[in-house]
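Below is one structure; the comments refer to it alone.
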Number of protein chains: 2
Amino acid sequence: MTQLPDSIEDSVISAILGGRLRPGTRLGEAKLAEVYGVSRTRVREAMMRLETRGIVHVSARRGWFVVEPSATEARAAFQARRVIETGMLRDLHTLPGDAVAHLRAHVEEEREALHTGHVGSRTCLLGDFHIHLAHAFGNAFLTDILRDLTARTTLVSMLYQSDQDAAASSDDHAGIVTLLADGDYAGAARLMDEHIRRVEDGLDLAAAPDPLAGLREILSPGAPA
Amino acid sequence: MTQLPDSIEDSVISAILGGRLRPGTRLGEAKLAEVYGVSRTRVREAMMRLETRGIVHVSARRGWFVVEPSATEARAAFQARRVIETGMLRDLHTLPGDAVAHLRAHVEEEREALHTGHVGSRTCLLGDFHIHLAHAFGNAFLTDILRDLTARTTLVSMLYQSDQDAAASSDDHAGIVTLLADGDYAGAARLMDEHIRRVEDGLDLAAAPDPLAGLREILSPGAPA
DNA sequence: CTCAACAGTCTTGTATACAAGATTGGTGCG
DNA sequence: CGCACCAATCTTGTATACAAGACTGTTGAG
């Protein structure tokens, strides 16, 4: 496999997970090519791959944009995650020996990020928990699928979630890990279902995506004239 | 969205679902470009999209090949389908009014294909059932995911399934539709679990992918010298 | 006869050139 | 003053050219 296009993809995705790239942001081929020091060809490859994964989309002869999930898509993305993650836990019968320890350590990281308050790494870690869980389950396909779905739900949260209750999410994660440690996989599945539903219900899907987000930032008080 | 690359993608996928394209088949860019009457650029786009969907892979400077799932990947692909499809049915509480009728009609088509005996359309229809079911569930993301996973499991079957018991599969499908009609979604989920497990267990994962499949055909008795 | 080295051919990898459409800013008419 | 029209600019869409590596078949030595 080529090396650099993958790196562009990962770079974009981690920027989304970290909240540095918002829905609707334009990704110009020329600009990206300069940033990564490659030609447009490679950038286009990466963009088309990301498009297939549902992370960006192209508007003909206008450019590439980070997707802005509609209310319908937002619901569907969370539902998909719920179906897959609970299905995974329900199918679970054994877990690798070190999995619980890893997950516990991860939750501990979340806790720290909550206190230090860095919103980017916090969001990123909260999403990563689910990916790590999928990894522990041991199915590479499901892990990849959930990675992309998590990126999507992160974008959804940026659009529709006014105040992300990160502490509650982290508590849910901790509870899930505890149940897993006890071998209560059905219980973990139930809690996961509640957990994702809770996040989903916290969304304000009536809030239309704000096409002026970029402008607003620039015009906010304190910005240079 | 562009029009032709999608058509190349769909064309390749439907060829796989119909058994006309076997695992390991080489897809040369120049040849495909000629077939579709476009330049290599468009072909490469389509191939890269299919690669991110896990349908083909590229071997550096040798060409594009239809993926040949390993035994591990074969198991994982079926497990992923099982997790998602049972998760979907368990999450189900209502179904669109015409869904059951559509599914029933589809199963009827399967039956007919079983009798006429055209192996290509039969395989295609058996896979399509699951995609139609996902469509009835109404989640576009899950539908797309299952479409790709079904393509993968079709490839798995070509590699590891000596004799596909199509009749039994179709009976399972009919049973699932009956349970859905009764509103017994939990029962449908259980039967789906058994169904996919049955197909999975029917695989001979010890049978290593045969790199000589193409040769063998040519050298089989009766072939011209 | 066997095997290693090599030249030729073929295929993908990457960049670049040019075409086509979209957007923007300006200009002139009503 | 407002609005429609138009030219200039910018961005992606597509094709093509060339570079780099892999494979094949041949040739020659041992």
Side-chain angles (χ1 to χ4, degrees), chain A residues 1-12 15 21-68 209 211-215 218-219 225, chain B residues 1-12 15 21-68 209 211-215 218-219 225:
Chain A
M1 205 91 60
T2 48
Q3 186 198 355
L4 221 41
D6 282 43
S7 149
I8 296 178
E9 284 181 62
D10 291 347
S11 170
V12 169
L21 220 42
R22 291 187 58 82
T25 306
R26 180 166 175 278
L27 301 169
E29 291 182 5
K31 197 163 289 186
L32 289 178
E34 193 178 0
V35 167
Y36 291 104
V38 297
S39 82
R40 274 180 55 212
T41 307
R42 315 278 298 268
V43 173
R44 277 180 70 80
E45 285 185 12
M47 287 301 117
M48 281 186 304
R49 287 190 149 102
L50 285 174
E51 188 184 36
T52 307
R53 296 167 65 180
I55 310 293
V56 306
H57 75 107
V58 64
S59 174
R61 284 186 179 82
R62 284 178 15 88
W64 300 88
F65 298 85
V66 178
V67 294
E68 298 178 274
L212 303 174
L215 270 184
I218 292 169
L219 297 177
Chain B
M1 205 95 59
T2 48
Q3 184 198 358
L4 220 42
D6 282 44
S7 151
I8 295 179
E9 285 181 62
D10 291 347
S11 168
V12 169
L21 220 42
R22 292 187 57 81
T25 305
R26 179 167 177 278
L27 301 169
E29 291 182 5
K31 197 164 291 187
L32 289 179
E34 192 179 359
V35 167
Y36 291 104
V38 297
S39 82
R40 276 181 52 215
T41 307
R42 315 277 298 270
V43 173
R44 278 179 70 79
E45 284 185 12
M47 288 300 119
M48 282 185 305
R49 287 190 149 101
L50 286 174
E51 188 184 34
T52 51
R53 294 168 66 181
I55 308 294
V56 306
H57 74 107
V58 63
S59 174
R61 285 186 179 81
R62 283 180 13 88
W64 300 86
F65 298 85
V66 178
V67 293
E68 298 177 275
L212 302 174
L215 270 183
I218 292 168
L219 296 176

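Letters A, B, ... mirror the listed sequences (proteins, then strands); counts begin at 1. Remember, predicted model here, so these are calculated numbers, not experimental data.
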Is B:Arg62 close enough to D:dC23 that one of its side-chain N or O atoms is under 4.0 Å from OP1 or OP2 there? yes
Between A:Ser39 and C:dA15, is there a side-chain N or O to OP1/OP2 distance below 4.0 Å? yes
Whole angstrom is fine here: how far is it from [atom1] in [X] over to [atom2] in [N]?
| X | N | atom1 | atom2 | result |
| --- | --- | --- | --- | --- |
| B:Phe65 | D:dA22 | CZ | P | 13 Å |
| B:Lys31 | C:dT12 | NZ | C1' | 15 Å |
| A:Arg44 | D:dT11 | CZ | P | 14 Å |
| A:His57 | D:dT11 | NE2 | P | 17 Å |
| A:Met48 | C:dG13 | CE | P | 13 Å |
| A:Arg40 | C:dT14 | CZ | P | 16 Å |
| A:Glu45 | C:dG13 | CD | P | 8 Å |
| B:Arg26 | D:dC23 | CZ | P | 11 Å |

I want to verify a distance call: between C:dG13, D:dG13, D:dA15, whose nearest atom is closest to the B:Thr41 side chain? D:dA15
Select one nucleotide: of D:dT12, C:dT14, C:dT12, the one nearest the side-chain heavy atoms of A:Trp64. D:dT12
I'd like a table of donor-acceptor pairs (distance under 3.5 Å, sequence neighbours excluded) in which one partner is a side-chain atom from residues 54-62 of chain B, with atom names and distances.
from    : atom 1 : to      : atom 2 : distance (Å)
B:Ser59 : OG     : B:Arg62 : NE     : 3.2

Rounded distance (nearest 0.5 Å) linking atom CZ of B:Arg44 with atom OG1 of A:Thr41: 9.0 Å
Drop me the distance from B:Arg42's CZ to B:Glu29's CD, to the nearest 0.5 angstrom. 14.0 Å
Any N or O donor-acceptor pair linking the side chain of B:Arg61 to the base of D:dA20 at under 3.5 Å? yes
Given B:Leu27, which partner from the list B:Val43, B:Leu32, B:Leu50 fulfils the side chain to side chain contact (heavy atoms under 4.5 Å, CB included) test? B:Leu32
